[in-house]
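Data block below; observations after.
Read the numbers this way: they start at 1 and go in the same order the structure lists the ligands and their atoms. All heavy atoms count here, side chains included; hydrogens, waters and symmetry mates do not. Here the structure is a predicted model, which is why all the values come from computation and not from measurement.
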Amino acid sequence: MINIAVLVSGGGTNLQALIDAEQAGRLENGRIALVVSSNPGAFALERAAKAGIPSEVLRRRDYPSAEAWGEALAALLAEKEIGLIVLAGFMTVLSADICRRYENKIINVHPSLIPSFCGEGFYGLHVHEAALAKGVKVTGATVHFVSEVVDGGAIIAQKAVEVAPEDTPETLQKRVMRQAEWLLLPQAVSDFCAGRLRVDGATVTKA
Ligand code: GAR
């Protein structure tokens, strides 16, 4: 069994998709052992409590440096013997040290088709605002391994989603979540925990 830590900052709908998958027996060989929030007011914390999953709040501003914050996170992960970290709407950039220690053991969900609309400054609703401003007709979501380059790690899976002419950032965000993120993320986590993912440089293959 692989112990999973899910890192969150907000509403936690992707966390909920993972909880639902686990409860339905669809997280093969994985169990959510810990939820870490960068924000004490995150609704994701209520979702964790309701599912009986232990949670911790780790605010970057409570620590003197990014390194000290990273050390506190590393200690929590070690204590719970975490084998997979999932970033589910987590809005603090992980330290290089954690990225190295958990190489190819950190999965992120991003609400666009990488390499479009990604990198520094592209998070949450901003991603969909940028996609609409560009006038794209198709967008989507990506799940990928996390490297030291923001949104730069090896891509595990992607799914395209149509943009509607009347879309607002909010309606587009909802469609991308429903049609792509909430499906891709639990599947990728299950594939990881079941040992089905092989990484060779930038290429991930599913056995
Ligand atoms: C999701 O759309 C996720 O893809 C995005 O934030 C939202 C979190 O929603 N993540 C990023 O933009 C990371 N760069 P949630 O809290 O309801 O899961």
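- Heavy-atom contacts of Met177 reach the following atoms of ligand 1: 1 (C), 2 (O), 9 (O), 17 (O) (cutoff under 4.0 Å).
- The ring-ring contact (aromatic ring centres under 6.0 Å, His included) pairs that include a residue from residues 123-148 are Tyr123-His126, where partners are two or more places apart or lie in different chains.
- Ligand 1 has an N or O atom lying under 3.5 Å from an N or O atom of Asn14, backbone or side chain.
- Side-chain N/O atoms of Trp69 and Ser95 include no donor and acceptor closer than 3.5 Å.
- There is no side-chain donor-acceptor pair under 3.5 Å between Asn3 and Glu81.
- Closest protein heavy atom to atom 16 (O) of ligand 1: Gly12 N, 2.7 Å.
- Inter-residue side-chain proximity for Val86 and Leu15 is flagged as unmet; no heavy-atom pair is nearer than 4.5 Å.
- For ligand 1, the polar-atom distance check finds no N/O of Asn108 at less than 3.5 Å from any of the ligand's N/O atoms.
- Of all atoms in ligand 1, numbered sequentially from 1 with element shown, those under 4.0 Å from a heavy atom of Phe122 are 14 (N).
- The residues Arg26 and Asp20 are annotated as not salt-bridged, no charged nitrogen and carboxylate oxygen being separated by less than 4.0 angstrom.
- Below 4.0 Å from some heavy atom of Met91 lie the following atoms of ligand 1, by number and element: 6 (O).
- The N/O atoms of Glu181, backbone and side chain alike, include one that comes under 3.5 Å of an N/O atom in ligand 1.
- Taking all heavy atoms of Leu15, Val109, Leu18 into account, the minimum distance to atom 13 (C) of ligand 1 is reached by Val109.
- Counting only heavy atoms from C-beta outward, the side chains of Asn39 and Arg59 never approach each other to under 4.5 Å.
- Between Leu7 and Leu73, the closest side-chain pair of non-hydrogen atoms falls below 4.5 Å.
- Of all atoms in ligand 1, numbered sequentially from 1 with element shown, those under 4.0 Å from a heavy atom of Gly89 are 6 (O), 8 (C), 10 (N).
- The side-chain heavy atoms of Glu28 and Arg196, taken from C-beta on, include a pair separated by under 4.5 Å.
- Of the options His110, Arg47, Gln16, the smallest heavy-atom separation from atom 14 (N) of ligand 1 is shown by His110.
- Polar contact with ligand 1: present for Gly124 (N/O pair, distance under 3.5 Å).
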